[in-house]
Amino acid sequence: MKQNRPCRLVCVLCALAFALTALPMAAFAQQPEETAAVQQSLTAADVRGMQQADAAVTELTDSEDYTRMSEDERIDAALQQLEELTRQGLVKQGSVYTDAENGMVSFTYSCGALGGILVADPEEENAAALPQLEKEQLQQLAENKRVGTAAIYYAFDNTINSARYPYYAYMQTYWDSVGLQTRLDTTVTVSDLRRMGDYDLCILSTHGAYYTYEYGWLWKRTATEPLILLSEKSEFWSDLRYGFDLLAHRVVKVNGMYAVNGDFFRSAYRGNGIVLSETCEFYGKNGHVDTAMADGLLAGGAKAVMGYVNNVYSVYSRSMLWATVNRMIEGETLEQAVDYAKSIYGTDDIIWYNEQGGRRPHAAASYAMLSGSRSAVLPNPYTAQEAAAAA
């Protein structure tokens, strides 16, 4: 019996060593998406907890005091609010992360879904004067063409007293009249984005943000990703409806409203169209170009994607959009159309801003990037040969 004791001791030590060796691997395997696999759907109690937290967040962000605060003051106010929500058990202990550079305070709800408080003002880059639409130059496009279908997903504001909305209403009317059957969606929901594959051309006209959060229960790590911000407010039944996406971290709630990331499009987009995005930081920012949004769309079948690196001036992105789509209606490829737009408005938005007489450009220039097929075109472009054959 005594001779077996050393053997048993060695076996116990080997088992312990194996367990300790496996522990870091198990911890690092706890990726955000795998964490969601532990719980497959939200319960009514989960949703009630999130709704309670959202009510507290929106009470803060919608207040007049908050609108008058500096970014540093907003961060302090957000942290105080989240500290109280953590004490109430509505926010996970240790999940609050401040990304002052990108103007976001992120957190994790007690159920595991991700949330955030945007402290940066998404309108701060929109102070430049609005240009006039170049109607005179567009009369040559008035032939009767059939070049497919398009959808403008407009979520910059609620369209009431909006300085932006009339431009998009005009674009929708004009493009529709020259053969690009265009739908203007002004109440964009997560469910609407799931149907993007129904269109030949999709235009994402929304605010964007860069979202950084912490994850991991033993070894904390950070992940950063671009988000597309929607104006769809979080509600009890919509939380239940989007439960899988919330738990899988494909949908995030920011200021009590929904936002989507590249993994959402990887899961939801099923089509063969072209996607043009006006959102800030769609391709990340200088020093951290992020193709997650475009990669998700391309994985779902999109032909091509265009978007911007860094925060983009809204007038520049809208002008680029206007010129690009008009040239594509004429039959040009996406790359040709974007190059034409750049020739008019500049290769980045600071060039455009300076040409307008601007004196205080933002810190980093925003420029367009293309992914996928640069030769992508709208279907059945009008040609002179077809006109002659029809005559």
Side-chain angles (χ1 to χ4, degrees), residues 32-33 36-37 39-42 46-47 50 54 111-116 148-156 158-159 168 172 180-209 211 225-279 282 290-307 371-372 376 379:
E33 61 271 19
Q39 182 180 342
Q40 293 297 319
S41 62
L42 292 171
D46 292 332
V47 173
M50 284 200 296
D54 290 344
C111 65
L114 296 177
T149 59
I152 304 172
Y153 294 95
Y154 180 92
F156 282 125
N158 63 3
T159 75
Y168 293 86
Q172 183 269 331
L180 181 62
Q181 186 178 345
T182 305
R183 172 176 176 260
L184 178 56
D185 184 351
T186 59
T187 56
V188 185
T189 67
V190 174
S191 296
D192 289 344
L193 296 185
R194 286 190 169 278
R195 296 188 288 271
M196 284 173 55
D198 294 344
Y199 300 94
D200 299 308
L201 175 66
C202 289
I203 298 164
L204 297 170
S205 298
T206 77
H207 290 300
Y211 182 81
E225 60 188 12
L227 291 181
I228 291 178
L229 305 178
L230 305 181
S231 55
E232 182 186 11
K233 292 185 178 180
S234 165
E235 295 178 350
F236 182 89
W237 293 110
S238 54
D239 274 356
L240 282 178
R241 186 165 62 253
Y242 305 146
F244 288 105
D245 287 321
L246 285 164
L247 288 173
H249 300 168
R250 296 188 288 258
V251 173
V252 179
K253 294 204 284 186
V254 177
N255 291 11
M257 292 179 282
Y258 297 111
V260 302
N261 59 20
D263 283 340
F264 170 82
F265 289 117
R266 187 179 298 274
S267 168
Y269 182 83
R270 293 295 179 270
N272 189 33
I274 299 168
V275 179
L276 308 180
S277 174
E278 292 190 84
T279 63
F282 182 88
D290 192 325
T291 62
M293 286 287 191
D295 292 343
L297 287 160
L298 294 173
K303 290 179 183 176
V305 181
M306 186 200 84
S371 297

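Numbers here simply count residues along the sequence, with the first being 1.
- In this structure, the side chain of T182 engages the main chain of L180 through a donor-acceptor pair within 3.5 Å.
- A donor-acceptor contact shorter than 3.5 Å is absent between the side chain of T149 and the backbone of Q181.
- Judged by distance alone, the side chain of E225 and the main-chain N or O of G262 form no donor-acceptor pair under 3.5 Å.
- Considering CG of D239 and CG of D54, their distance stands at 6.5 Å, rounded to 0.5 Å.
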M196 and L204: side chain to side chain contact (heavy atoms under 4.5 Å, CB included), yes or no, with the steps? CA-CA 10 Å; M196 284 173 55; L204 297 170; 4.2 Å; yes
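- The pair D198-R183 does not meet the salt-bridge criterion, since no charged nitrogen lies less than 4.0 angstrom from a carboxylate oxygen.
- Residues S371 and D295 bring no donor and acceptor atom of their side chains to less than 3.5 Å of each other.
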Using the rule given for side chain to side chain contact (heavy atoms under 4.5 Å, CB included), can you reason through L114 versus Y211, listing the C-alpha separation, both sets of side-chain angles and the distance that settles it, and then say yes or no? CA-CA 10 Å; L114 296 177; Y211 182 81; 3.5 Å; yes
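- Put simply, the side chain of Y269 never gets that close to the backbone of L298: no donor and acceptor are under 3.5 Å apart.
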Quick one: do F264 and I228 satisfy side chain to side chain contact (heavy atoms under 4.5 Å, CB included)? Show the steps, please. CA-CA 10 Å; F264 170 82; I228 291 178; over 6 Å; no
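- Using modelled atom types, one finds no donor on one side chain facing an acceptor on the other under 3.5 Å when comparing Y154 with Q172.
- Between L42 and G243 the shortest heavy-atom distance is CD1-CA, 3.6 Å.
- Nearest heavy atom pair, residue K233 against residue S238, reads O-OG, 4.1 Å.
- Using modelled atom types, one finds a donor on one side chain and an acceptor on the other under 3.5 Å when comparing S277 with T279.
- To the nearest 0.5 Å, atom CG of residue L247 and atom NE2 of residue H249 are 7.0 Å apart.
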CA sep, side-chain torsions, deciding dist, call: S234, M50, side chain to side chain contact (heavy atoms under 4.5 Å, CB included): CA-CA 9 Å; S234 165; M50 284 200 296; over 6 Å; no
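- Note that the SG atom of C111 and the CG atom of L246 stand 7.5 Å from one another [nearest 0.5 Å].
- Formation of a donor-acceptor pair under 3.5 Å by the Y168 side chain with backbone atoms of Y153 is not found in this model.
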Does R195 form a salt bridge (Lys or Arg N to Asp or Glu O under 4.0 Å) with D185? I'd like the steps, not just the answer. CA-CA 12 Å; R195 296 188 288 271; D185 184 351; over 6 Å; no
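- Counting heavy atoms from C-beta outward, T186 and F156 have side chains that stay 4.5 Å or more apart.
- H207 places no side-chain N or O within 3.5 Å of a backbone atom of S231 that could act as its donor or acceptor partner.
- Here the CD1 atom belonging to I152 is positioned 4.5 Å from the CD1 atom belonging to I203, to the nearest 0.5 angstrom.
- Judged by distance alone, the side chain of N255 and the main-chain N or O of M257 form no donor-acceptor pair under 3.5 Å.
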